[in-house]
2 protein chains.
Amino acid sequence: MELTPRYKTLYNDALEKSSLRHTKQREHIFSIILEKKDHPTADEIFTRSREKMPSISLATVYNCLETLVESSLIRQVNFERESTRYCPNLRPHAHFLCKRTGAIHDVDLPDSLIKQLEETLPENFNPEHIEINFSGSNNSND
Amino acid sequence: MELTPRYKTLYNDALEKSSLRHTKQREHIFSIILEKKDHPTADEIFTRSREKMPSISLATVYNCLETLVESSLIRQVNFERESTRYCPNLRPHAHFLCKRTGAIHDVDLPDSLIKQLEETLPENFNPEHIEINFSGSNNSND
DNA sequence: CTAGGTGCAAAAGGTTTGCGGTTAA
DNA sequence: TTAACCGCAAACCTTTTGCACCTAG
């Protein structure tokens, strides 16, 4: 429930860089996303956060998530029109949604492949962001 | 506003394959999506469809779009939590959202690249669908 | 004839906003 | 001290649903 020193530094630096305030709620929500990297929705984060902080509101959860995304501490993950999910993995990666279990898995992507994808674009297109989402099924037991 | 013979055949075959009824509304909505391949939202399609068919309802537009997607005549395109857009291009391709103009561009993808992406997945993952979305800006005049 | 489709209005589901009170810096 | 943030409730926007009527096959 406490941020490790490494993440505490990351968190402090990110907020200070954007001159945002350091609040209990923001830190708590960040710790919940780091605790179990299962790509929870805002509502799941709300439920988990109330265990240790019963007075937090859903609006605050949404506000904190927005702040954490803008500070680049976490990323949003969207599949179709399902609820937005949140991911603390900042490396370039794709997501795989298993339709059988509902679980979302991170899939690391080599830089070379991302470069190849960018090279498919016309010359005058400047990509700032890429999102790559697979869906299907997997046979493993998780 | 009329389907070309090629698309008429495509439309007829797709509906018959799923034993779905052939209705004025479905054909009209399909023709609107083919007419201007600018990835319109349901609401934009609703507005355009009322020009020639003033009595159509938004619920029917949503129902027809669902049918056309299930019949594989069109595809849905989702960027973040924006309204779903609809695309009649059935070849494997990615989308590029220009943040300056709001336009969405189709980007053809070589099969080899898609195969390489699938190869980044663990062995037991069976992808059924891939969505690749770029966002950024482009300097062209469209 | 009748299962499937349409049109309307109401509801649902996720997210955002306005506002009065609280708090970090 | 005070701008930023929180908590609450209401609003918002897109999409779905229930139901009575209609129509393709």
Side-chain angles (χ1 to χ4, degrees), chain A residues 8 11-30 32 39-71 73-86 102, chain B residues 8 11-30 32 39-71 73-86 102:
Chain A
K8 182 75 181 180
Y11 168 79
N12 286 337
D13 290 357
L15 292 190
E16 274 146 37
K17 198 158 82 182
S18 314
S19 40
L20 292 165
R21 283 196 193 162
H22 177 143
T23 73
K24 283 192 261 313
Q25 290 85 347
R26 285 175 180 167
E27 185 170 340
H28 186 46
I29 285 172
F30 187 37
I32 282 171
H39 305 88
T41 63
D43 203 66
E44 286 162 351
I45 293 166
F46 178 48
T47 301
R48 295 180 197 175
S49 64
R50 278 196 296 185
E51 291 171 15
K52 289 268 169 65
M53 191 180 271
S55 64
I56 201 170
S57 72
L58 182 56
T60 295
V61 171
Y62 274 107
N63 287 334
C64 291
L65 289 170
E66 188 183 347
T67 304
L68 294 172
V69 168
E70 282 172 5
S71 309
L73 288 167
I74 62 175
R75 287 167 46 177
Q76 295 184 311
V77 182
N78 288 288
F79 273 91
E80 313 279 312
R81 292 197 60 79
E82 290 182 14
S83 301
T84 299
R85 295 172 173 278
Y86 296 86
Chain B
K8 183 76 182 180
Y11 168 78
N12 287 338
D13 291 356
L15 291 191
E16 274 145 37
K17 198 159 80 181
S18 317
S19 41
L20 292 164
R21 285 195 189 159
H22 177 141
T23 74
K24 284 194 262 311
Q25 290 86 347
R26 285 176 180 167
E27 184 168 343
H28 186 45
I29 284 172
F30 187 38
I32 282 170
H39 307 88
T41 63
D43 202 65
E44 285 162 353
I45 293 166
F46 177 49
T47 301
R48 294 180 198 174
S49 62
R50 278 196 295 185
E51 290 169 17
K52 289 265 168 64
M53 191 179 273
S55 64
I56 200 169
S57 71
L58 181 56
T60 295
V61 171
Y62 275 105
N63 288 333
C64 292
L65 290 170
E66 188 183 347
T67 304
L68 295 171
V69 169
E70 283 171 4
S71 309
L73 287 167
I74 62 174
R75 289 168 42 178
Q76 295 184 311
V77 181
N78 288 289
F79 273 91
E80 312 279 314
R81 292 199 59 82
E82 289 182 14
S83 300
T84 299
R85 295 173 173 279
Y86 296 86

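Numbers restart at 1 for each chain; the letters A, B, ... are given by sequence-line order, proteins then strands.
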Q.
Rounded to whole Å, how long is the line connecting atom CZ of B/Arg85 with atom P of D/dT14?
A. 11 Å
Q: Quick one: list whatever passes side-chain hydrogen bond (donor to acceptor under 3.5 Å, both in side chains) with B/Asp43, sequence neighbours left out.
A: none
Q: Nearest whole angstrom, please: distance from the P of D/dT15 to the CD of A/Glu82.
A: 14 Å
Q.
Using a 4.0 Å heavy-atom cut-off to protein, can you give one letter per nucleotide of nucleotides 7-13 of chain C, 5' to 3': B if the base is in contact, S if only the sugar-phosphate is, - if neither?
A. BBB----
Q: Measure the distance from NE2 on B/His22 to C1' on C/dT6 and round it to the nearest whole Å.
A: 15 Å
Enumerate all atom pairs, one protein N or O and one N or O from nucleotides 21-23 of chain D, separated by less than 3.5 Å.
unit_1 : atom_1 : unit_2  : atom_2 : d
D/dT23 : O2     : B/Arg21 : NH1    : 3.2

Q.
Rounded to whole Å, how long is the line connecting atom CD of A/Gln76 with atom P of C/dG14?
A. 15 Å
Q) Does the side chain of A/Arg81 get closer than 4.0 angstrom to OP1 or OP2 of D/dT15 through an N or O atom? A) yes
Q. Checking side-chain contact (heavy atoms from CB on, under 4.5 Å) for the pair B/Leu15/B/Arg21: CA distance, chi angles, key distance, verdict?
A. CA-CA 7 Å; B/Leu15 291 191; B/Arg21 285 195 189 159; over 6 Å; no
Q: Kindly give the heavy-atom pair with the smallest separation between B/His28 and B/Ser49, and that separation in Å.
A: NE2-O, 3.1 Å
Q. Picking from C/dG5, D/dC6, D/dG25, which would you name as closest to the side chain of B/Thr23?
A. C/dG5
Q: Round to the nearest Å and state the distance from A/Glu27 atom CD to D/dC6 atom C1'.
A: 16 Å
Q) Contact class for A/Thr84 vs. all strands (heavy atom < 4.0 Å): base, sugar-phosphate, or nothing? A) sugar-phosphate
Q) Over how many whole Å does the gap from B/Phe30 atom CZ to C/dG5 atom P extend? A) 17 Å
Q.
Check this one for me: any side-chain N or O of B/Tyr62 less than 4.0 Å away from OP1 or OP2 of D/dT15?
A. yes
Q: Mind calculating the distance between CG (B/Leu20) and P (D/dG25) to the nearest angstrom?
A: 11 Å
Q: Would you please test B/Thr23 and B/Glu27 for side-chain contact (heavy atoms from CB on, under 4.5 Å) and show each step?
A: CA-CA 6 Å; B/Thr23 74; B/Glu27 184 168 343; over 6 Å; no
Q: To the nearest 10°, let me know how far the axis at one end of the helix from C/dC1-D/dG25 to C/dA25-D/dT1 is tilted from the axis at the other, five pairs an end.
A: 40°
Q | Those residues that, when tested against A/Thr84, pass side chain to side chain contact (heavy atoms under 4.5 Å, CB included) (two or more places apart) | A | A/Gln76, A/Asn78, A/Tyr86, B/Arg81
**Q.** By side-chain hydrogen bond (donor to acceptor under 3.5 Å, both in side chains) - contacts of B/Asn12 (at least two apart)
**A.** B/His22
Q. Does A/Arg26 have any salt bridge (Lys or Arg N to Asp or Glu O under 4.0 Å) partners at least two apart in sequence or in another chain, and if so, which?
A. none
Listing, residues 60-67 of chain A side-chain donor-acceptor contacts under 3.5 Å, not counting sequence neighbours, or none:
unit_1  : atom_1 : unit_2  : atom_2 : d
A/Thr60 : OG1    : A/Ser57 : OG     : 3.0
A/Asn63 : ND2    : A/Ala59 : O      : 3.3
A/Thr67 : OG1    : A/Asn63 : O      : 3.0

Q: Figure out the CD1/P separation between A/Ile45 and C/dT15, and round it to whole Å.
A: 10 Å
Q. After noting the C-alpha distance and the side-chain angles of B/Thr47 and B/Glu44, does the key distance pass the side-chain contact (heavy atoms from CB on, under 4.5 Å) rule?
A. CA-CA 5 Å; B/Thr47 301; B/Glu44 285 162 353; 5.7 Å; no
Q: Only counting residues at least two apart or in another chain, list the ones meeting side-chain hydrogen bond (donor to acceptor under 3.5 Å, both in side chains) with A/Arg75.
A: A/His93
Q. Got a donor-acceptor contact below 3.5 angstrom from the B/Ser19 side chain to the B/Glu16 backbone?
A. no
Q | Whether A/His39 side chain and A/Val77 backbone form a donor-acceptor pair below 3.5 Å | A | no
